[in-house]
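Input: a single structure, listed below in structure tokens.
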Amino acid sequence: MKKPGFAVLMGAALIVAAGCSITPVEKRTPAYELDYERMALIEHVANKRGVRIIWVNAPTRTIL
């Protein structure tokens with residue numbers, strides 16, 4: 001009588017252990033930082049043309 005119960009318990013433990021081993025890895029969301037090189041280029045051209053720039057949404061670039 002004990003052997004079928006033990007087999008069911010071991011089978012359940014095996015299924016739980018297998019489920020933990022195939023858990024998906026968390027996907028990293030890309031991080032962003034200001035693109036200072038692009039900002040400098042845009043500001044340089046704007047200064048040559050006599051235009052003043054006020055950044056509302058500054059350009060960003062993705063960091064992996």
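Side chains included, hydrogens not; waters and symmetry mates left out as well; all remaining heavy atoms used. Source: prediction; values computed, not measured.
Met39 and Tyr32 are members of different hydrophobic clusters when ILVMFWY side chains are connected at heavy-atom separations under 4.5 Å. Under the 4.5 Å side-chain heavy-atom criterion for ILVMFWY residues, no single connected hydrophobic cluster contains both Tyr36 and Leu41.
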Let me check something: any side-chain donor-acceptor pairs from residues 48-62 under 3.5 Å, sequence neighbours excluded? List them with distances.
from  : atom 1 : to    : atom 2 : distance (Å)
Trp55 : NE1    : Glu43 : OE2    : 2.6
Arg61 : NE     : Glu33 : OE2    : 2.8
Arg61 : NH2    : Glu33 : OE2    : 2.5

